[in-house]
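Data block below; observations after.
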Amino acid sequence: MNRLAKITGVLILFTMVQQLTIATNTIPPGTAVSIQLDRALSSHGTQAGTQFGGTVDFDVLADNKIIIPAGTRVMGQVTSTTTAGRLAGRADITVRLTKIQRGDEYVDIASSALVVSASEGQGRRTARNVAVGAGVGAVYNGGKGAGRGAATMGAASLLGGDGNITIPKGYNLQFELIQGLEY
């Protein structure tokens with residue numbers, strides 16, 4: 001009986017350790033995820049279905065804990081592109097996040113679609129992006145990231161001379177989770 005008690009104890013201990021290593025945190029829908037692109041995306045040269053990668057730009061918090069640290073790898077997909085016409089029309093690129101790295105694997109995520117469009121005047125869009133970048137940087141990093149956010153969002157002009165859009169490598173994009181995530 002002593003041997004049976006030892007085996008049972010080991011099995012119970014193993015089950016408890018396994019449950020602890022599988023423990024996850026829940027990230028609620030609506031949580032913002034800011035990333036930096038690993039490559040440029042263009043309305044003229046990129047097609048729907050194109051995959052892209054990036055890294056999380058700011059720590060993602062839930063219940064005042066860092067759940068997804070800055071630097072975590074993410075994957076996304078271009079869901080549509082429209083090129084500018086010669087005389088009329090506007091260029092746009094629509095992207096979503098699809099996966100996020102957790103340990104040695106990628107897990108599926110569902111994010112809001114982000115549409116980058118050439119419909120606004122270039123100067124007005126750049127000014128808006130600088131303001132949005134400063135606001136996001138301040139929110140994510142307690143005010144210390146405002147300058148970095150403004151610089152990232154306003155660093156490059158997205159509208160090319162032909163009316164098409166290029167989102168440059170390193171550009172900051174903000175997404176929102178539309179479904180909760182066990183991470």
Side-chain angles (χ1 to χ4, degrees), residues 10-43 45-82 92-117 129 132-142 144-146 148-149 151-153 155-156 158 165-183:
V10 168
L11 288 175
I12 291 171
L13 181 61
F14 177 75
T15 302
M16 290 172 60
V17 168
Q18 190 176 28
Q19 287 176 347
L20 287 175
T21 60
I22 297 175
T24 58
N25 294 295
T26 301
I27 302 170
T31 300
V33 179
S34 176
I35 73 156
Q36 282 194 0
L37 286 177
D38 281 354
R39 59 174 266 194
L41 300 172
S42 168
S43 63
T46 305
Q47 297 178 358
T50 300
Q51 301 289 317
F52 64 88
T55 54
V56 173
D57 202 27
F58 300 99
D59 294 336
V60 176
L61 305 175
D63 295 328
N64 292 321
K65 296 188 300 187
I66 296 173
I67 307 300
I68 302 173
T72 300
R73 299 279 310 142
V74 293
M75 300 298 294
Q77 184 175 36
V78 175
T79 57
S80 70
T81 62
T82 305
D92 62 37
I93 303 172
T94 304
V95 294
R96 288 184 191 276
L97 292 181
T98 57
K99 297 185 181 293
I100 190 161
Q101 188 174 17
R102 181 176 63 193
D104 293 336
E105 65 181 1
Y106 280 86
V107 294
D108 293 334
I109 60 172
S111 80
S112 58
L114 178 65
V115 180
V116 179
S117 177
N129 286 347
V132 167
V136 168
V139 167
Y140 277 104
N141 202 9
K144 298 175 187 171
R148 181 176 179 200
T152 301
M153 291 298 286
L158 296 179
I165 297 172
T166 298
I167 306 172
K169 176 181 176 179
Y171 203 75
N172 179 275
L173 299 172
Q174 288 84 35
F175 295 90
E176 187 175 289
L177 296 179
I178 57 174
Q179 292 180 347
L181 174 64
E182 295 296 322
Y183 190 82

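Along the sequence shown, residues are numbered consecutively beginning with 1. No hydrogens, no waters, no symmetry mates; every other heavy atom, side chains included, goes into these values. Treat the numbers as computed from the prediction; the structure is a model and nothing was measured.
Distance CG/L173 to CD/Q36: 9.5 Å, rounded to 0.5 Å. How far CG of L37 is from CZ of F52: 6.0 Å, rounded to the nearest 0.5 Å.
Panel note: side chain S112, backbone E176; a donor-acceptor pair is recorded below 3.5 Å. With hydrogens and angles disregarded, a donor-acceptor distance shorter than 3.5 Å links the side chain of R96 to the backbone of S111.
Residues Y183 and I100 come closest through the heavy atom pair CE1-CG2, 4.0 Å. Nearest heavy atom pair, residue L41 against residue I93, reads O-CD1, 3.7 Å.
Residues forming a side chain to side chain donor-acceptor pair (under 3.5 Å) with S43 (at least two apart in sequence, or on another chain): N164. For E182, the side chain to side chain donor-acceptor pair (under 3.5 Å) test picks out T24, T26, with sequence neighbours left out. S80 pairs by the side chain to side chain donor-acceptor pair (under 3.5 Å) definition with T94, not counting sequence neighbours. For the salt bridge (Lys or Arg N to Asp or Glu O under 4.0 Å) test, residues two or more places apart in sequence or in another chain that qualify with R102 are E105.
Residues V95 and F175 have side chains in contact (heavy-atom distance under 4.5 Å, counting atoms from C-beta outward).
Residue pairs meeting the side chain to side chain donor-acceptor pair (under 3.5 Å) criterion with at least one member in residues 47-56, sequence neighbours excluded, do not occur.
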Just list the side-chain donor-acceptor pairs under 3.5 Å for residues 62-75, sequence neighbours left out, or say none.
unit_1, atom_1, unit_2, atom_2, d
K65, NZ, N25, OD1, 3.2
T72, OG1, P69, O, 2.7
R73, NH1, D38, OD2, 2.5
R73, NH1, G54, O, 3.1
R73, NH2, D38, OD2, 2.9

